[in-house]
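Only one structure is covered here, and it is reproduced in the block below.
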Amino acid sequence: MSSKYIVRQPIKDAEGMILGYEILYYGENQAFSGDNSNSSAEFAAADTIYTFLTQNSTKALKGTRNFMTFTTMLLMKKTPRLFDKNELVIQIDDSVIIHPLSMHFVQQYAKEGYRIAVNEFQFAPRYLALLDGIDYIKINVKTATDANISNIMEIGHSMNKKCIVTNIDSPELYEKAVQMGADALEGPYVAEKLTTKAHSSAYIQSNFFRLMVAVTRDEPNVEEIEQLIAADASLTYGLLKMVNSAYFALRHRATTITQAIMTLGLGQLKQWIYLLSASNAESEMDASSEEFLKISFLRANFCSELMNHAQNMPISKSEAYLMGMFSTLNYLIAAPLEEILSEVPVNDQIKNALLKHEGRCGMLYDLVLSYEAADWDKITSLSGQLGIPSNMMTSIYFICMENVNTLWEQLTNPYAGQLPDEAEAGAGAPNV
């Protein structure tokens with residue numbers, strides 16, 4: 001069976017704020033860039049993305065701005081209408097621009113309020129003629145000259161178009177694009193670029209970190225967890241506030257740490273502690289912090305779910321979850337990952353996977369990183385070596401994304417829809 005993958009990658013502005021996500025798709029053993037000349041590739045592209053969007057839940061894409069390249073077949077199938085017009089940017093490239101029927105559909109979608117982006121914008125009459133009807137200009141930093149990039153941006157900005165520089169895979173290209181005035185940036189380096197947190201290495205000895213370690217052991221000691229929470233007022237209030245929120249709809253309020261832990265469960269407690277500890281240095285999380293935390297949760301969930309299919313793995317699902325979660329610890333703590341992991345009770349196979357990409361654990365970790373980077377060939381190779389059916393990767397990925405989005409709502413908005421008396425009872429407690 002041929003491999004079909006769908007993955008999303010962030011598009012960020014120069015401050016690291018998320019502008020939206022590009023939806024990348026691959027199938028029938030080739031990437032669909034929209035410039036395929038044969039009709040079989042065109043039909044395959046339409047089949048890959050259309051089938052997924054119609055047969056699988058698209059909750060994971062709700063509430064975000066999704067940039068998606070549409071081929072002529074996808075436009076004719078009216079695939080854009082699967083999305084809310086406020087959540088979709090229709091990307092087109094040369095194969096659509098030179099096709100009269102395709103452009104008729106694009107113009108119709110634009111009239112309906114969909115935003116339009118042009119991939120790899122060029123100095124050519126057919127591209128310049130589109131400027132009035134588009135919202136975003138995308139420029140490939142690897143194929144356009146510096147002079148062309150500057151000229152395109154100057155024209156685009158004069159017409160109030162957003163200019164997105166793509167294919168950025170190094171700090172040098174990132175800085176160059178920012179200096180040239182890019183409104184947003186996209187590429188492997190942009191996806192990986194996270195804001196390092198302000199915690200010092202002394203944080204490893206803090207109460208937050210000790211609690212995080214305690215809840216992630218294979219056999220957590222509930223008494224130890226209770227003692228660590230009880231020793232910190234902000235943790236105690238935060239936990240009680242979370243567990244007494246409307247989400248849990250308790251018949252009787254939890255008034256002790258023990259009751260709260262029993263209600264929340266160690267699984268969700270583990271995630272709540274990580275969120276709270278990661279954001280503890282700031283009174284309010286910024287968009288960059290949110291993206292960092294969501295990456296942590298997504299990697300953890302993805303590693304764990306892939307364990308249901310991976311063969312001959314020397315670790316458990318819970319250990320795989322930790323591997324994904326802890327892969328970003330060096331962004332949380334201003335210390336080398338090797339030093340941080342020396343304090344965490346995970347086995348050497350996980351440490352070697354994270355630090356040296358060794359063994360089957362390293363292969364699983366690399367598979368998750370490859371999926372994030374949309375490295376199609378590496379995804380196919382690694383999933384095959386691990387015995388994971390490649391045709392299941394996309395469904396697993398999007399299920400994990402939905403889980404992360406749901407978890408994020410629960411953790412960051414625990415009081416959504418609560419009753420007035422509950423809000424009053426929770427007043428004065430610090431935000432979690």
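Treat the numbers as computed from the prediction; the structure is a model and nothing was measured.
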Measuring from L74:CG to T71:OG1, what's the distance to the nearest 0.5 Å?
->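 So the gap between those two atoms works out to 3.5 Å.
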What pairs with [X] under salt bridge (charged side-chain N to carboxylate O under 4.0 Å, His left out), at least two apart in sequence or on another chain?
| X | result |
| --- | --- |
| E224 | R217 |
| E319 | none |
| K85 | none |

[X] and [Y] ion-paired at < 4.0 Å:
| X | Y | result |
| --- | --- | --- |
| R65 | E22 | no |
| R126 | D94 | yes |
| E338 | K351 | no |

Heavy-atom check, side chain of D84 versus side chain of L88, under 4.5 Å =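 They are not in side-chain contact.
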Is the closest side-chain heavy-atom distance between I396 and L306 below 4.5 Å?
->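 Sidechains of L306 and I396: in contact.
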Can you sort out the partners of [X] under ring-ring contact (aromatic ring centres under 6.0 Å, His included), two or more places apart, ordered by chain and number?
| X | result |
| --- | --- |
| H357 | Y365 |
| Y127 | F121 |
| Y114 | Y109 |
| F70 | none |

Residues two or more places apart in sequence or in another chain: which of them pass side chain to side chain contact (heavy atoms under 4.5 Å, CB included) with [X]?
| X | answer |
| --- | --- |
| A184 | I11, L19, I164 |
| P220 | I225, L266 |
| E358 | N352, K356 |
| A320 | C303, M307, I315, L364 |

Excluding sequence neighbours, so at least two apart, what forms side-chain hydrogen bond (donor to acceptor under 3.5 Å, both in side chains) with K378?
->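 So K378 forms no side-chain hydrogen bond (donor to acceptor under 3.5 Å, both in side chains) with any residue.
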Verify salt bridge (Lys or Arg N to Asp or Glu O under 4.0 Å) between K12 and E186, making sure each step is shown before the conclusion.
-> CA-CA 7 Å; K12 304 178 184 179; E186 179 184 357; over 6 Å; no
